[in-house]
Each structure stands twice: as structure tokens, then as C-alpha cells.
Amino acid sequence: MSQTVSMTVNGRAVSVTVDQPQMPLLYALRNDIGVTGPHFGCGLGQCGACTVHVEGEAVRSCQMPVGEAAGKRITTLEGLGTPEHPHPVQAAFIAEQAVQCGYCTNGMIMQSAAFLTKTPRPTEVQVREELANNICRCGTHPRVVAAVLRAARG
Amino acid sequence: MNAIIDRRSLLRAGGAMLVAFNLGLRPRDAAAWAEKPVATDEVGAFLSIDAEGGATVFVGKVDLGTGVRTGFMQIAAEELDLPLGRIRVVEGDTALTPDQGATYGSLSIQNGGVQLRAAAATARRELLRQAAERLGADAARLRIEEGVVIAPDGRRATFAELVGGRAFTLKVDANAPIKPPEARRIVGQAVPRVDIPDKVFGRFHYVHDFRLLGMLHGRPVRPPTLGATVEAVDEASIRGIPGVVRVVHQGAFLGVVAETEWAAIRAARELKVRWSNWAGLPEQAKLWEHVRATPVAQVQVTSDRGNAAQAIQGAAKRLSASYDFAIHTHGSMGPSCAVAEFKDGRLTSWSASQATHNLRKQLAMMLGLPVEQVRCIYMEGAGCYGRNGHEDAAADAALLARAVGRPVRVQWMRADEHGWDPKGPPHLVDLRAGLDAEGNVVGWESEAFIPKGAGGNVDLTAAELGGLPRENQLNPGNIIHNLAVPYAFPAVKTVCHRLETTPFRPSWIRTPGRMQNSFANEAFLDELAAEAGADPLEFRLRTLPRDDPRGREVLERVARLAKWQTRPSPQRVREGEILRGRGVTFVKYELVRTYLAGVAEVEVNRRTGAIRVTRFFCTHDCGQIINPGGVRSQIEGNIIHTLSRTLKEELTFDRGAVTSLDWGSYQVITFPEVPEIAIELIDRPTERPWGAGEPAAAIVPSAVSNAVFDATGVRLRSVPFTPAKLRAALQGV
Ligand code: FES
Ligand code: FES
């Protein structure tokens, strides 16, 4: 039975009507709310492409039923920063040119941004460990690590 | 400006630029099936100047996430003296862009960019000629600044005034003078990529993000085994899912269409189908026996000098070995995706195809449409590293859209991608060689066992499953390259046994054949160096032809970069659990272009068999460099991707289908496993630009094999170098 779920996405109150509350949040974001920063990569929680912040925590939106997002504060890549006011991690990704196809980039940035709020001065090893479950097939890894460390330096 | 007067003046000026039409086309506008020139000998096929004096570049080569779009912009900006910000790029639209062939082989700059450069240089010469006419000045004394032609006395004519909004109608002159190196301002610079800000702020539009009004969502329902056929479809099984529009069924092609993506996903999962049994795949454990037993369609000799067999026979020392390389999947981060729309009997297809002009023909063939009725438009997808599933998703979408009469978007699930994208075929090479008493190679023979075919079209899965028209040919890429060697051995024979079949529909994956052949050659050469008691880098230098200074240079430079210590392999000290080693390798890509040398440093855990590549060094000569930042980034990416393939990746399968259907069963490199990478670029601004990117992948597997040998004395000849394989090999020492 269809059901309406309300949440805050990038500071905006939104409601979506879904047939099944078990539908992953990712599809609501991409198709109903119109934010395409988070990507579908595996739908299995294995790659990180779909990562968003839920109440400030990095969450894989392909694994979170939209029903569980009710009342929650969601931030996506679009809401993290803008060209005028970039998040330090976004600015660092540009400075390090840490993107190739960019399909993984959403996950890399969202995971790192949440990580840096808890671990503001990580070591290189900590960054690598934090991103160990984020896949990149284009081989941007060294630049991603450099970007996260650059963002941490401020 | 009055078009008629302008036309007359143009005709007086030599009739080179005629009034045509405004090229303010939106690339994604399906309505615009414009009559724009697309022939590769027309300047107008590549370039137009809009009414504001900005340029649009039209290229058949596409940016697969490699940054080549920025490179094209640099090339055009340089020759036209326009700022980068006033150039936009239209890629891979069959109605608008020239057919420059598929985007593969690291040929985008080498071929596509050089074509564009010639078109831009021709346009520049023409603009100068027109300006000279208008300003009554000598063309040779004019200069161009930011799209304005300026005479010595300061009078000016803008590009907009000269040609704005009208098409170039002149032929590309391949000899039109290009900017000399000292005058270049943009080419050769590490210009930041134009696509990165949008990608970082979530504003980039991938094909996955493309939506049309009234669009439905489709999902293919693939058979559980590669050869199964449909016996019965129980459409009632998904009746309870709201929003399901249609089950489309054509032979073994099955798909569902629904109003929402989630409904399509559920329907594809829950649809009950009875499939026939099929078990036509070989046993994975006996893959290499299967390859050896496969009938040979053709024997191709790729090099033959002297009498290699006899030379080896008479040699003081003889060596032989077999090298094999596992089946790989492209494993793009984003499963393949496409959107199709039929309108007035014409199909428009949006996809991330690396070859839209070829896809157009394939879709027309499958659907029984004249080619003119099909338009394929490129939109960037996830990086593809070769012919992955994008074209197949486009075919799925086309069949589904035709069936329901509304636009349909198809995105595969992860298991569709891992299970059904075409695969890099199994590759097997036997080698034999002989050394004389001084340790010189006197004869070299190799035989590769690889599927037939080249770089043509890979059949569309939907056509295959649906029993629809297709070319029915194998095309694994030009996998014979680099079996012949760049060394001056007195006697060499290299032979490819081109096999009739291969277990999975093959296609090219990054560095097809060149990677596998270079692995075999460069690791086997290392075996010979060890047998000769020679330092492996010295051994290569002394075996390279004297008249190949660029080859020597990359090797000499990598020795300095990696602080190479001259000594034979393996190293003598083998104490403790962790053994360390280094390996060198050399590749001249396809024996005619980009030169590379690499050094890998490894740590091997002899208890677990785990290999950790700690550092990787690469020296790289691709002639003229358009964007050193882009080249570095591509080299890094290729090294890391290939380390992943070398150390970890292997398709698994049972007798019916692929079983490595996710990232758990098909493991790839992770952040903690990525080595430090040091790259030295050799720029040659006066040379032609060669490919950069996939050549760097060719040096990886052999460098690692050689380093592991240096550390342990054990030779790894089978990719991937899993801990289990290394443990087994170490037990034999
Ligand atoms: S798409 Fe969610 S983790 Fe891969
Ligand atoms: S940049 Fe392409 S997958 Fe990471």
C-alpha cells in the first residue's frame, strides 16, 4: 500500500509517496526527490557509490529503506557544498583532480566528509582504512587520499 | 551583419565559407536531427563558431571519464586562440559528430585529437584569410587573441563577425600549419579537467541521470545460464506489483517495463520464468586444457626472423614456459544504462557507448530499421575500460521502448553487469628460447592461444538472446599486438593460434592482448636474464636494438627514478617472513608507439603468500603531451586498475553461468592495497602525440611477477597472483 514519507533533504522538507516503505532511500532520492549525486553502483552495500549523510552519519542509501528515513535529516553531495561555498573535501577533490569518471566520487566525498568530522586530523593509514570499502575502478585512490589529507589540513 | 552581402564577400574571398545554418543545437535534443556535415574531411564536421564567437567542437571520440574532453578543448583552443571557457564539446552524437571510430586503444588524442587539430588549423588559416580580406591587411601579419583577429595597425575583426553562426564548408587540410611548440599556450599545460567541478558538486549529468518526459523504467530478466531458453513465463506472478506495464518476451530475451524504477526492479526479481537447462561452459578448473583443445580457426605469424626453432635447438641453454591470464570482467562502477525513445518510427538512443556510430548500425540491424532512422547520442557513464555492457543496455532499452511505445530507461543491476557484460577472454602463451654460452638470447619462439577476431562490433546481447539479426562475429580486440618483441634477437618467431570459440562473449578490456602478451614476454625475458646471471635491466638494455634511443631512455630513466641496484635476480637474502624484491619491465606499445618502463617493488609474505606492491615507478614517452595532468592521472589509473587485475581479479563460473556476480565474489583492489606511484613523463613537443593511458597497463603484470621472483625465487606465470598460487609455488622451492 502506498505510503507517504517525510524527511529533510539538503535542508528542504520533502515528502514522497512510495508503494513500499522497503524501497531503498536511494531510489526516492534519485527518482522522486531529484537529487542524482548519490549513484546506484551495486545495490548491495559493497561499493559506496550511493552514500549520503543521515543525521550526519555516512549511510549507504541503497541499504536504507525509505521508510526508515522518515523524519530524518538527509544530506547529499548536492547539499554538502556548492561551487560558491564548497565543503573542504569538495575543494580538495578539485585541487587534487581526484576524479576520473567520477561515478565513485559521491561515495568518496560523503564518506570522507563524515569521517573528518569525527577524525579531523587523520593519518594517511587511517584515511585508507576508512575508505577500504569504497570501490574505485578508475584508480583515483592516491589522489583521493591526498585530497582527504589536504581537506584535513584545512 | 547582412547575410547576403556577407555571402558575396565570402564568395569573393574564395567561397570557402558559405551561409548555412545556425549550429546552436542542443546536443541532447532528440528533435534536432540536423543536416550538419559529419564527414571526417570537412572542417564543419569538427567545428563551428557561434554568433557570439565561441566554438563548438564535435568529436566522435568520447570522454569515458578519462579527461580527454579537456584535451580536445585544449587542442581547439590552441589552434584557434580562443579561451577554454568559450569552447564547448559535443561528443559521440551520430547526427552531429564525425565517425572517428570507437573510443579505444588510447587513440583519442593520437588519432581523434590530431584530426581535430588539423580541422582547427585549417579553420584558423581560413579565419585569417577572411580577416585579411576584410581588414585589407596581409594575413601573415595578423594575430589572433581570444577570438579576435588583430591587424598591425590595431584594427580588429572578431570570429563572430567573420563566421559567427554559419558553418565552415571547407575541406580539412592535414598540412595546415599548426602552432609551433614555442607559440603554444594551452596545449602542454596541466589544465584542470572541465568536468571535475560538476562531478564534485553532484551537478554532472551521467546517462544514469537522464530522464525524458513520460519515460518508463525497464529491467532485463536474464536467463540463469548463458544458453537457457524460455519455456514458460508466468506473468501473473508479478501482477501484484503496482505500476508494472509490460513483460516483453522475444526468444530468450525477457524484460519488464514499469512506471517506477523500484517496480521494474521488483518485477524483474519476482517474475516467475521456467528456463531450459543448459551447461555448455567448460569446467573452470580445466580452463586451460579447454583452451588448448579448442579448434584453431587461423594461424597468424606476427613476426618471423631467422630460424628460431633451429637456433633454440642449437643453444647452450634452453628454456620454456607457459603463461596464462584469467578471464576478466570490466566491472564498471555504474551498471550499464541507456534510454531509448521511438518517435515517428525513428529511434533515439542515449547511452555511454564508446562507439555510437557503430552502435547505430547494430541497433538498426537488430530492429530492421534503415540506419538513417536511428540516432545514438553519447552521455557519459561510469568508466568503462573497453566494450562493457553500455551497448547491450542500449539494445535492451530499444527493444523495450519499441514494445511499449514510450521512452524506456534501462539500468542493469550489479549481477547483470558482472554476469553479462562481455569478458576479456582467457589468454595463454607458450614460450621457448635459447641462450648462448655468454648468456645472449639466440632464439625466441612464442605461441599464443587466443580467440579469433579483432576490434569490430561485439554482438548485442538482446539480439543474441532474442534471435534477432546480428553480425555473429567474435571481436575480442586486436589481441595479437605485442606478442612480437621489441628486442634484437637474431632469430624470432611469434605465432597466434586464433581459436574458433571462447567460453564467454569476448570483448576488449583495457590493453587487450598487449597486456597479456607483454606479461608473458617480459616475465619470460626475466627468466632468461636470471638464467644468464644478468641484471634484468642491463639485460634489456643490451638486447634492445641500437637504433631505438627512446626505448633506451625510458629504461635508463626508470633505473634512476627507482634507484635501481644492478644485480641479478633473485636476491640472495631470504630471511624472515617478509621478503622484498623489485622487478623491471619494458614495453613499446604495439611496437610502434608509446614507450614505457616500469619498476615494481613488492613485499611478499611467505607464510600467507600475500603480495603487497609497495611502490611502482613508471617512465613514459608518448611523444607530444597535450595535458600532463591528464596523462599522469591516466597512468596512475591504469597502473592501479591493472594491479587489481594482476593480484586479485578472476571471473568464476560453473557449467552454466558466471558465479562472480558481485564485489564480494569478484574482488578488486582496495585503498590499503594501493602502492605509492612515481611517474616520470618525457615530453617531446615536436613529435606527434601518441596514446597515453592503456599503454601503462601493459607494464604492470610482468613488473610484479619479476619483483616476486626477485624476492622469492619463485616465478608466477598465472594471473591473478593469488596468495594460494604463491603459497603453492613457494612449497616447491
Ligand atoms: S550502490 Fe550502495 S553500496 Fe553500492
Ligand atoms: S573515478 Fe571512476 S570509479 Fe572512481
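Letters A, B, ... mirror the listed sequences (proteins, then strands); counts begin at 1.
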Top of [options] for chain A proximity - count of heavy-atom pairs under 4.5 angstrom:
options	value
B/I640, B/T670, B/I241	B/I640
B/P192, B/P197, B/G67	B/P192
B/Q634, B/E673, B/E676	B/Q634

Quick check for you: to the nearest 0.5 Å, what is the distance between [X] atom [atom1] and [Y] atom [atom2]?
X	Y	atom1	atom2	value
A/C101	B/Y385	SG	OH	5.0 Å
B/W262	A/L26	CH2	CG	10.0 Å
A/I135	B/M333	CD1	CE	6.0 Å
A/C42	B/L661	SG	CG	13.0 Å
A/Y27	B/T260	OH	OG1	10.5 Å

For residues [X] and [Y], report the shortest heavy-atom separation together with the two atoms involved.
X	Y	value
B/S633	A/Q100	O-NE2, 2.9 Å
A/C138	B/G383	SG-CA, 4.3 Å
B/F201	A/G81	CD2-O, 3.6 Å

* To do: Just give me the residue among A/C47, A/G37, A/A91 that pairs up with chain B most often, heavy atom to heavy atom, under 4.5 Å.
  =>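 With the most close heavy-atom pairs to chain B, the winner is A/C47.
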* To do: Specify which of A/V145, A/D32, A/T82, A/V127 makes the most heavy-atom pairs with chain B at under 4.5 Å.
  =>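 Of the candidates given, the most pairs with chain B belong to A/T82.
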Say whether, by atom type as modelled, one donor and one acceptor occur between the side chain of [X] and the main chain of [Y] under 3.5 angstrom.
X	Y	result
A/R137	B/G331	yes
B/Y206	A/G102	yes
A/R30	B/H208	yes
A/R128	B/F671	yes
B/R193	A/V99	yes

When only heavy atoms count and the cut-off is under 4.5 Å, which of [range] reach chain B?
range	answer
residues 18-25 of chain A	A/D19, A/Q20, A/Q22, A/M23, A/P24
residues 104-121 of chain A	A/C104, A/T105, A/M108, A/I109
residues 59-79 of chain A	A/L77, A/E78

Region of [X] in contact with chain B, defined by heavy-atom distances below 4.5 Å:
X	result
A/F40	both
A/L131	both
A/H141	both
A/P38	neither

* Check whether any side-chain heavy atom of B/F210 lies under 4.5 Å from a side-chain heavy atom of A/T36, and answer yes or no. => no
Contact class of [X] relative to chain A, heavy atoms under 4.5 angstrom:
X	answer
B/H418	neither
B/E649	side chain
B/E380	side chain
B/Q411	side chain
B/R645	neither
B/D195	side chain

* Asked: Near A/R12 CZ, under 6.0 Å, is it more than 12 heavy atoms from other residues, nucleotides or ligands?
  ->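 Atom CZ in A/R12 is not packed in, count stays at 12 or less.
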* Please, which pairs that meet side-chain hydrogen bond (donor to acceptor under 3.5 Å, both in side chains) have at least one residue in residues 44-54 of chain A, sequence neighbours excluded? ->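 Sorted result for residues 44-54 of chain A: A/Q46-B/D662.
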* Yes or no on side chain to side chain contact (heavy atoms under 4.5 Å, CB included) for B/R211 and A/N31, after CA distance, side-chain angles and deciding distance? -> CA-CA 9 Å; B/R211 302 284 185 275; A/N31 296 330; 2.7 Å; yes
